[in-house]
Amino acid sequence: MDYRTLNPATEEEVRRYALHAPAEVEHIIVEACSAFGGWRSRPIRERSALLEAVAQELERRREELAALMALEMGKPLAQARAEVAKCARGCRYFAEQGGGFLRPDPRPSDGRQAFVSYEPLGPLLAIMPWNYPLWQFYRFAAPALMAGNVVVLKHAPNTPQCALAIERVMLEAGLPRGVVQNVFLSNAQAAGVIADRRVRGVTLTGSTRAGSQVAREAGSRLKPMVMELGGSDPFIVLDDADLSRAIDVGVDARCQNSGQSCIAAKRFLVHDTVLERFQEGLTAALSSRPMGDPTLRETAIGPLARKDLRDKLASQVDASVAAGARILCGGKVPEGKGFYYPATVLTAIPEGSPAAEEELFGPVASVLSFSTDDEAVAQANGTDYGLGASLWTSDPERARALIPRIDAGAVFVNGMVKSDPRLPFGGVKDSGFGRELAREGMHEFVNIKTVWIR
């Protein structure tokens, strides 16, 4: 298995990279262990200053990094620039707030003094996906590095240049060599790194299948881990919702990153009294989104990142239609080069079909209806996933009553589900466990040490 850049808009191979040899992998782990001693002992203010320098380096390289994302996984340039900016904001947030999250916490006890301290674990393995090739890394790495850990990065095989760019950014911002290192690994090699006693924790963002495999490896070695996995997020529209606003946000929520987002709205659950109006508005708005070359300013939907992903999405739509679903727009693979799939709306979706239960990773909206709030909750919870949920209503009390009943790591009321450095991020059920971002995310990879003094 080689790592390679294959332009999804043209299907042309740009560059190929060999896997690291076993001796090279060993050298990287040794260097990480060596770097950890010095990095953890640096005063927090110095780690903070270096994280601020990373934010500045990201901003300086914004156009270069955005172009790399467009090249390697087809992200429209405007969205790619926004991703770089978000990475910089995340680094800056933890540079400013991380010291407070790590401050020893006094506790009452039967001793003269007691407190809880937060200390780094050591080298961490980060297994990262292609869909947000910078943000997924920095949302983990910023708090982990601020806490004093060091990172070995195994990126997705189709975004190797983004991985190398991350390593360059960290070095040029002034981080010591060995604190962040990229490594090109096969799955078998990654299992070996997880098993290595010198690697103290593992984080993965990816599919549920990949998460279960990595969790099995890490769990058998009793290593702390965070799994941020797939989602089939419900977008619940009650009968008293602001329909115009819900449609506008719903289109963005379904089309972000060309629909390739774990927290994209995927199942639109709409009260039957407003179903027809919502469906018409959503179909018209989605149909108007320009699809094409991700480097063009007007493009809103680029190609999917790989051919196998496009083909799987097409087969899920076809299977849903064969089971009885109806296509309102899109639904056909376009002719020509590139792994494109058009914005698609499915309705009259039968139970048990892929559009009702599976994660559709692309710009396909599944519209289902309900008659009561109880039915809405049952449908929202009717998948194996539990990442995010968006709830639309003009009645705050109704929202407060429904929020605890929805099985999800986040519920956004009258807004699009998104990640924010100030808020913990993660899911339940097959969407994973553990949290990233905020205080909670920083504390996932620290030794929460009790200190008691007579």
Side-chain angles (χ1 to χ4, degrees), residues 66 69-70 73-87 89 131-132 134-136 139 230-238 241-270 274 277-292 294 296-305 313 328-330 340-347 355 359-368 380 387-394 408-421 423 425:
M69 286 187 275
M73 52 76 55
K75 191 185 297 286
L77 269 179
Q79 297 176 33
R81 293 185 184 107
E83 181 172 337
V84 179
K86 187 171 186 177
C87 294
R89 288 197 303 273
N131 59 335
Y132 289 90
L134 267 65
W135 172 240
Q136 306 278 22
R139 78 180 186 191
S232 185
D233 284 15
F235 189 99
I236 307 163
V237 182
L238 302 183
D242 179 340
L243 280 192
S244 176
R245 176 68 178 157
I247 289 167
D248 288 344
V249 174
V251 173
D252 289 337
R254 177 61 278 197
C255 287
Q256 57 176 309
N257 204 35
S258 305
Q260 301 169 112
S261 171
C262 53
I263 53 170
K266 298 185 177 80
R267 295 175 298 131
F268 291 82
L269 315 181
V270 186
V274 296
R277 282 187 292 154
F278 181 88
Q279 206 164 248
E280 288 177 356
L282 183 72
T283 302
L286 273 173
S287 299
S288 67
R289 287 288 171 111
M291 179 179 72
L296 298 179
R297 176 179 296 181
E298 64 270 19
T299 297
I301 299 174
L304 300 193
L313 181 65
L328 298 182
C329 69
Y340 291 96
Y341 197 85
T344 300
V345 177
L346 298 176
T347 190
E359 180 178 30
L360 303 188
F361 218 60
V364 179
S366 301
V367 181
L368 304 100
L387 191 52
S390 183
L391 175 63
W392 291 78
T393 177
S394 60
V411 178
F412 280 59
V413 179
N414 298 329
M416 182 172 75
V417 178
K418 59 186 178 182
S419 56
D420 182 322
L423 301 172
F425 182 89

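Just so you know, these numbers use all the heavy atoms, side chains as well, and skip hydrogens, waters and symmetry mates.
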Rounded to the nearest 0.5 Å, what separation is found between the [atom1] atom of [X] and the [atom2] atom of [Y]?
X: Glu298; Y: Leu77; atom1: CD; atom2: CG; answer: 11.0 Å
X: Phe412; Y: Asp233; atom1: CZ; atom2: CG; answer: 10.5 Å
X: Arg139; Y: Phe425; atom1: CZ; atom2: CZ; answer: 4.5 Å
X: Cys87; Y: Gln136; atom1: SG; atom2: CD; answer: 9.5 Å
X: Ser232; Y: Leu360; atom1: OG; atom2: CG; answer: 7.0 Å
X: Leu328; Y: Glu280; atom1: CG; atom2: CD; answer: 9.5 Å

Check: [Y] main-chain N/O paired with [X] side-chain donor or acceptor under 3.5 Å:
X: Ser366; Y: Ala355; answer: yes
X: Glu359; Y: Gly231; answer: yes
X: Asn131; Y: Asn257; answer: no
X: Arg254; Y: Val364; answer: yes
X: Gln79; Y: Ala300; answer: yes
X: Ser288; Y: Ala285; answer: yes

Of the non-hydrogen atoms in [X] and [Y], which two are nearest, and what is the gap between them?
X: Trp392; Y: Asn414; result: CA-OD1, 3.3 Å
X: Thr299; Y: Pro76; result: O-CB, 3.7 Å
X: Ala365; Y: Phe268; result: CB-CE1, 3.6 Å
X: Gly362; Y: Leu313; result: CA-CD2, 3.7 Å
X: Ala343; Y: Leu286; result: CB-O, 3.6 Å
X: Ser258; Y: Gly302; result: OG-N, 2.8 Å

Close side-chain approach of [X] to [Y], heavy-atom, < 4.5 Å:
X: Ile236; Y: Thr393; value: no
X: Pro363; Y: Leu304; value: yes
X: Tyr132; Y: Lys75; value: yes
X: Met69; Y: Trp135; value: no

Quiz item: Is any side-chain N of the basic residue among Asp252 and Arg289 closer than 4.0 Å to the acidic one's carboxylate O?
Solution: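 Judged by the 4.0 Å cut-off on N to carboxylate O distance, Asp252 and Arg289 do form a salt bridge.
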Quiz item: What do the steps show when you test Gln256 against Lys418 for side-chain contact (heavy atoms from CB on, under 4.5 Å), and what is the final call?
Solution: CA-CA 10 Å; Gln256 57 176 309; Lys418 59 186 178 182; over 6 Å; no
